[in-house]
Amino acid sequence: QVQLVESGGGLVQAGGSLRLSCAASGRTLSIYGMGWFRQAPGKEREFVVATTWRGSNTVFADSVKGRFTISRDNAKNTVYLEMNSLQPEDTAVYYCAAHTPKRLGITPQHYDYWGHGTQVTVSS
């Protein structure tokens with residue numbers, strides 16, 4: 001099993017920045033890819049970014065490309081999502097997820113493990 005814990009959410013004004021963290025524990029050696037998804041009230045869970053846990057392959061959703069970056073500290077088993085130029089439409093609960101299949105995934109169904117989420121609210 002893999003446990004994921006997100007942190008770093010909060011309230012920010014439009015144009016501001018936030019950094020989310022996702023700390024993994026447990027059977028982290030089984031992880032192939034890590035991803036961030038978000039879900040706004042009344043909407044489906046939306047892909048944000050996916051990255052290989054120990055490689056360099058990363059895929060961003062078009063809606064965040066150029067504004068969000070992802071990094072990882074494998075020694076700390078932690079992935080970071082740096083979010084810049086935030087807009088009200090970025091408001092959502094952000095979830096960290098991990099998958100074991102050796103193919104980077106961008107759909108929620110591809111992921112085996114999920115964190116509980118962290119709220120990001122962007123005010124206009």
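Just so you know, residue 1 is the first one in the sequence shown, and it goes up from there. Below, all heavy atoms of this structure are taken into account, side chains as well, without hydrogens, waters or symmetry copies. Note that the structure is predicted; figures quoted are calculated from it, not measured.
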### Message
If I compare all heavy atoms of Ala92 with all of Ala40, which pair ends up nearest, and what's the gap?
### Response
CB-N, 3.8 Å
### Message
For the CE atom of Met34 and the SG atom of Cys96, what is their distance to the nearest 0.5 Å?
### Response
3.5 Å
### Task
Decide whether Val122 and Trp36 are clustered together by the hydrophobic rule: side chain heavy atoms of Ile, Leu, Val, Met, Phe, Trp, Tyr closer than 4.5 Å, transitively.
yes
### Summary
In Tyr111, Tyr113, Trp114, the residue satisfying ring pair (Phe, Tyr, Trp, His ring centres under 6.0 Å) with His99 is Tyr111
### Message
If you take the centroid of each ring, where Trp contributes its six-membered ring, are Phe37 and Tyr95 closer together than 6.0 Å?
### Response
no
#### Entry: Close side-chain approach of Thr121 to Val12, heavy-atom, < 4.5 Å
no
### Task
Could you grab the distance from atom OG1 of Thr51 to atom CG of Leu104, nearest 0.5 Å is fine?
7.0 Å
### Task
Check salt bridge (charged side-chain N to carboxylate O under 4.0 Å, His left out) between Arg38 and all other residues, then give those that pass, not counting sequence neighbours.
Glu46, Asp90
### Heavy-atom closest contact (Ala14 atom, Ser124 atom, distance)
CB-CA, 4.3 Å
### Task
Determine the minimum heavy-atom distance between Gly117 and Val93, stating which atoms define it.
CA-CG1, 3.8 Å
### Query
So do Val2 and Ser30 actually touch side chain to side chain, heavy atoms under 4.5 Å?
yes
### Message
Quick check: do Thr91 and Gln119 have side-chain heavy atoms less than 4.5 Å from each other?
### Response
yes
### Message
Could you check whether Asp73 and Thr78, counting side-chain N and O atoms only, form a donor-acceptor pair closer than 3.5 Å?
### Response
no
### Query
For the side chain of His110 and the backbone of Arg103, is there at least one donor-acceptor N/O pair under 3.5 Å apart?
yes
### Query
What distance separates Leu18 CG from Leu81 CG, expressed to the nearest 0.5 Å?
9.5 Å
### Query
Which value, rounded to the nearest 0.5 Å, describes the distance between Leu86 atom CG and Ser17 atom OG?
6.0 Å
### Message
Could you check whether any side-chain heavy atom of Val48 comes within less than 4.5 Å of a side-chain heavy atom of Phe60, counting everything from C-beta outward?
### Response
no
### Query
Quick one: does Leu20's side chain get under 4.5 Å of Tyr80's, heavy atoms only?
no
### Query
Would one find more than 12 heavy atoms of other residues, nucleotides or ligands at under 6.0 Å from atom CZ of Arg54?
yes
### Query
Atom CD of Gln87 and atom CD of Gln13: how far apart are they, to the nearest 0.5 Å?
12.0 Å
#### Entry: Thr100 and Asp112: CA distance, side-chain angles, deciding distance, side chain to side chain donor-acceptor pair (under 3.5 Å) verdict
CA-CA 7 Å; Thr100 56; Asp112 305 295; 2.9 Å; yes
### Task
Assess whether side-chain contact (heavy atoms from CB on, under 4.5 Å) is satisfied between Met83 and Tyr94, documenting all intermediate values.
CA-CA 11 Å; Met83 305 185 295; Tyr94 282 70; 3.8 Å; yes
### Query
Is there a donor-acceptor pair under 3.5 Å between the side chain of Glu82 and the backbone N or O of Phe68?
no
## Note on the structure
Taken to the nearest 0.5 Å, the spacing of Thr28 OG1 from Asn74 CG works out to 9.0 Å
